[in-house]
Student: 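Mind having a look at this structure? Questions to follow.
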Amino acid sequence: MWKPAQPIVLAGLALTDQEAWWYEFKDAFHELFPGELDEEWLDGLTTTLYQVHMDRDPRDAAAVAYATLNYEVPGNRPDEPSTPAPRRPGRP
């Protein structure tokens, strides 16, 4: 499980490792996203990603989530040529 290098203290209380992960993930996501975020949506995303990324640095997980959510499929814009998605070997 990921642990912060230094305890994160808010209002005089040290956060648990899980709380610290959530805090760091959400903080990083806010830094990456230039607009306003729906906090309820971000709470859901954080909860979901924590289950599979609790061993990773939360800031790295936020960067991957941000890149994934902002990915645009080539060819979806009129000025880009369409490119088929890569196929896994052995799959039609």
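Hydrogens, waters and symmetry mates are skipped; everything else that's a heavy atom, side chains included, is used.
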Student: List, one per line, each side-chain donor-acceptor pair under 3.5 Å for residues 46-54, sequence neighbours excluded.
Tutor:
{"residue": "Thr46", "atom": "OG1", "partner": "Leu42", "partner atom": "O", "Å": "2.7"}
{"residue": "Thr47", "atom": "OG1", "partner": "Asp43", "partner atom": "O", "Å": "2.8"}
{"residue": "Thr48", "atom": "OG1", "partner": "Gly44", "partner atom": "O", "Å": "2.9"}

Student: State which residues pass side chain to side chain donor-acceptor pair (under 3.5 Å) with Glu19; sequence neighbours excluded, sorted by chain then number.
Tutor: Thr16
Student: Among residues at least two apart in sequence or on other chains, which ones pass side chain to side chain donor-acceptor pair (under 3.5 Å) with Arg59?
Tutor: Glu24, Asp27, Glu31
Student: Mind checking side chain to side chain contact (heavy atoms under 4.5 Å, CB included) for Tyr66 and listing every partner two or more places apart, or none if nothing turns up?
Tutor: Phe29, Leu32, Phe33, Pro34, Asn70
Student: Applying salt bridge (Lys or Arg N to Asp or Glu O under 4.0 Å), which residue pairs with at least one partner in residues 2-17 are found, sequence neighbours left out?
Tutor: Lys3-Asp17
Student: Between Asp57 and Trp21, what is the shortest heavy-atom contact and its length?
Tutor: C-NE1, 4.4 Å
Student: Would you say Trp2 and Trp22 are hydrophobically clustered, going by side-chain heavy atoms of ILVMFWY under 4.5 Å?
Tutor: yes
Student: For Val9, which fellow cluster members are found when Ile, Leu, Val, Met, Phe, Trp and Tyr are connected by side-chain heavy-atom distances below 4.5 angstrom, either directly or through intermediates?
Tutor: none
Student: Could you list the residues that satisfy side chain to side chain contact (heavy atoms under 4.5 Å, CB included) with Asp55, not counting sequence neighbours?
Tutor: Met1
Student: Can Phe25 be reached from Trp41 by stepping across I, L, V, M, F, W or Y side chains whose heavy atoms are under 4.5 Å apart?
Tutor: yes
Student: Run the side chain to side chain donor-acceptor pair (under 3.5 Å) test against Glu39 and tell me which residues pass, sequence neighbours left out.
Tutor: His30
